[in-house]
Colleague: 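Quick one: this structure, given as structure tokens, is what I'll be asking you about.
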There are 2 protein chains.
Amino acid sequence: MQAAQTIAQEGLEAPTERQRAVLDAALALLVDPNETLTMTSVARRASCSKETLYKWFGDRDGLLTATVQWQAAKVRAVQLPQAGLDRTALAGALEQFAADWLRVLSGTTSVALNRLAIGQAQTLRGDLGRIVLENGPVAMGRRLRPVLEAGQAAGLIACDDVETAFRTFFGLVVRDLQIRLLLGDRLAPGETEIRREAMRATQQFLALYGAGTGQNAHHLQQEGTR
Amino acid sequence: MQAAQTIAQEGLEAPTERQRAVLDAALALLVDPNETLTMTSVARRASCSKETLYKWFGDRDGLLTATVQWQAAKVRAVQLPQAGLDRTALAGALEQFAADWLRVLSGTTSVALNRLAIGQAQTLRGDLGRIVLENGPVAMGRRLRPVLEAGQAAGLIACDDVETAFRTFFGLVVRDLQIRLLLGDRLAPGETEIRREAMRATQQFLALYGAGTGQNAHHLQQEGTR
DNA sequence: AAAGGAGCGTACCGTACGTTACGGTACGGC
DNA sequence: GCCGTACCGTAACGTACGGTACGCTCCTTT
């Protein structure tokens with residue numbers, strides 16, 4: 001069992017137990033504000049040699065990439081049931097989705113990872129930004145789209161572009177929270193606040209895109225395109 | 001005229017002509033993706049000595065801080081007229097505001113500065129994050145608040161918390177644009193797209209918070225607080 | 001039991017960069 | 001005319017860190 005040990009080449013190989021421990025060490029360093037992630041610090045914290053790090057991950061960039069992907073792999077799941085969709089079920093699904101997203105977003109890990117990716121996005125070669133993007137907003141959209149489409153099919157949502165509807169939902173949920181957290185603002189919302197915000201965002205979204213309630217404003221979609 | 005030349009101590013002193021040129025050089029380096037901002041590169045580009053940089057700005061951090069403040073000082077202005085407010089005027093003001101904000105947000109300078117501030121926000125001492133925050137979302141809120149309050153006073157906007165309304169407007173305008181740009185996504189919107197988005201955000205905002213049209217949904221405000 | 005590899009610890013190298021020091025020039029005041 | 005000051009250009013220093021090399025231990029395989 002020698003092959004499939006180096007993560008560096010392609011992100012295809014799944015990390016071994018030991019490698020996952022190393023990646024967790026890197027994550028811990030990334031999150032800890034009193035520490036800085038260097039190859040030396042990762043090796044020390046993971047009780048491994050730097051040589052092993054380079055053997056497994058190629059270089060610093062490979063280690064960071066593997067770390068981001070490892071964290072992304074952890075977050076998955078959280079499936080939304082969408083059978084027998086009525087307005088209440090749709091609202092519940094959106095609400096749960098928003099709350100999950102806010103929880104992830106305001107977590108120290110997410111903040112640290114986004115900072116890392118943003119920091120190296122200004123340089124040329126930066127897969128990190130793309131990876132975080134892929135596992136952040138894009139993944140959120142991919143998971144939310146079937147829900148919105150189901151709502152559309154059930155006549156609960158009126159919009160001519162699911163993508164636009166998703167981005168609006170994103171804005172209503174996140175607002176200025178993420179940029180503030182990234183800039184160092186201390187305002188990590190508590191659980192009750194998250195639930196309240198998720199509810200507000202959902203209700204606002206349904207007020208804009210919901211159909212069949214008689215008080216929505218879906219006519220905005222047509223006007224917005226001229 | 002020896003005093004008031006060092007910017008390092010407090011941000012009180014206004015930079016001299018020559019110092020402004022240095023700060024512009026720093027900004028240029030910051031924006032250029034092919035360059036990296038180092039003390040040496042700033043000195044070379046500004047045709048000044050590093051000794052002068054340290055004399056004026058104390059250290060690298062002081063230079064960065066002065067640079068961010070200098071850029072912030074440039075952006076000001078863009079006053080919104082708010083006399084004789086009716087629904088059309090309010091919508092126009094919001095729309096212009098949103099368009100201005102999108103233009104700033106998607107500019108290379110804003111992206112570079114936010115990246116810089118976010119990058120160093122993970123460390124302890126980071127006034128940069130606070131400064132950018134102060135000149136970003138907070139400044140936007142400060143400028144928008146009187147407009148919203150005027151709209152409220154004129155019975156055009158129904159909300160029990162101007163701050164919440166502002167943050168919602170922020171979300172509707174920015175959505176996922178800023179985080180995508182920061183993460184390196186290429187999608188800088190053109191002028192026509194900015195105008196369209198500003199219009200959409202404004203209409204959506206008025207649909208949620210607008211009063212007196214008979215099709216708004218301001219009742220959400222009460223529900224959202226339980 | 002011997003051999004070999006995987007991996008730990010550590011010393012080491014090269015480089016980038018922040019910071020300091022120093023020599024040289026222009027200029028205003030005595 | 002001389003000194004102090006401000007400034008430029010550049011060399012030099014110290015350090016942090018990415019990357020490499022090497023010796024040692026332990027564990028697996030035969």
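Chain letters run A, B, ... following the sequence lines, proteins first and then strands; every chain starts at 1.
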Colleague: For L53(B) and dA6(D), give me the distance from atom CG to atom C1', rounded to whole Å.
Modeller: 14 Å
Colleague: With the criterion being N/O to N/O and under 3.5 Å, what pairs connect the protein with nucleotides 16-20 of chain C, and how long is each?
Modeller:
| unit_1 | atom_1 | unit_2 | atom_2 | d |
| --- | --- | --- | --- | --- |
| dG18(C) | OP1 | R60(B) | NH1 | 2.7 |
| dG18(C) | OP2 | M39(B) | N | 2.9 |
| dT19(C) | OP2 | Y54(B) | OH | 3.4 |
| dT19(C) | OP2 | R60(B) | N | 3.0 |
| dT19(C) | O4 | K50(B) | NZ | 2.2 |

Colleague: Under 3.5 Å, side chain of S110(A) to main-chain N/O of S106(A), donor-acceptor pair present?
Modeller: no
Colleague: Do R175(B) and E197(B) meet the salt-bridge criterion of a basic N to acidic O distance under 4.0 Å?
Modeller: yes
Colleague: Whole angstroms only, please: what is the CZ-C1' distance between F57(A) and dG7(C)?
Modeller: 13 Å
Colleague: Should W56(B) be listed as having a side-chain N or O under 4.0 Å from OP1 or OP2 of dA6(D)?
Modeller: no
Colleague: Check the distance between dG18(D)'s P and Q120(A)'s CD and give it to me in whole angstrom.
Modeller: 13 Å
Colleague: Going by atom types alone, do D61(B) and T65(B) pair a side-chain donor with an acceptor below 3.5 Å?
Modeller: no
Colleague: For the pair made of CD in Q19(A) and P in dC8(C), what is the distance, rounded to whole Å?
Modeller: 11 Å
Colleague: Please, which pairs that meet salt bridge (charged side-chain N to carboxylate O under 4.0 Å, His left out) have at least one residue in residues 31-45 of chain B, sequence neighbours excluded?
Modeller: none
Colleague: May I ask you to say whether R195(A) pairs ionically with E191(A), meaning some side-chain N is under 4.0 Å from a carboxylate O?
Modeller: yes
Colleague: Just to verify, what does R18(B) make a side chain to side chain donor-acceptor pair (under 3.5 Å) with, not counting sequence neighbours?
Modeller: none
Colleague: Can you name the residues that form a side-chain contact (heavy atoms from CB on, under 4.5 Å) with T40(B), not counting sequence neighbours?
Modeller: T38(B), K50(B)
Colleague: Considering residues at least two apart in sequence or located in another chain, which fulfil the ring-ring contact (aromatic ring centres under 6.0 Å, His included) criterion with F169(A)?
Modeller: F205(A)
Colleague: In degrees rounded to 10°, what angle is found between the helical axes fit to the five outermost pairs at each end of the helix from dA1(C)-dT30(D) to dC30(C)-dG1(D)?
Modeller: 10°
Colleague: For dG9(C) and S49(A) - does any side-chain N or O of the residue sit under 4.0 Å from the phosphate oxygens OP1/OP2?
Modeller: no
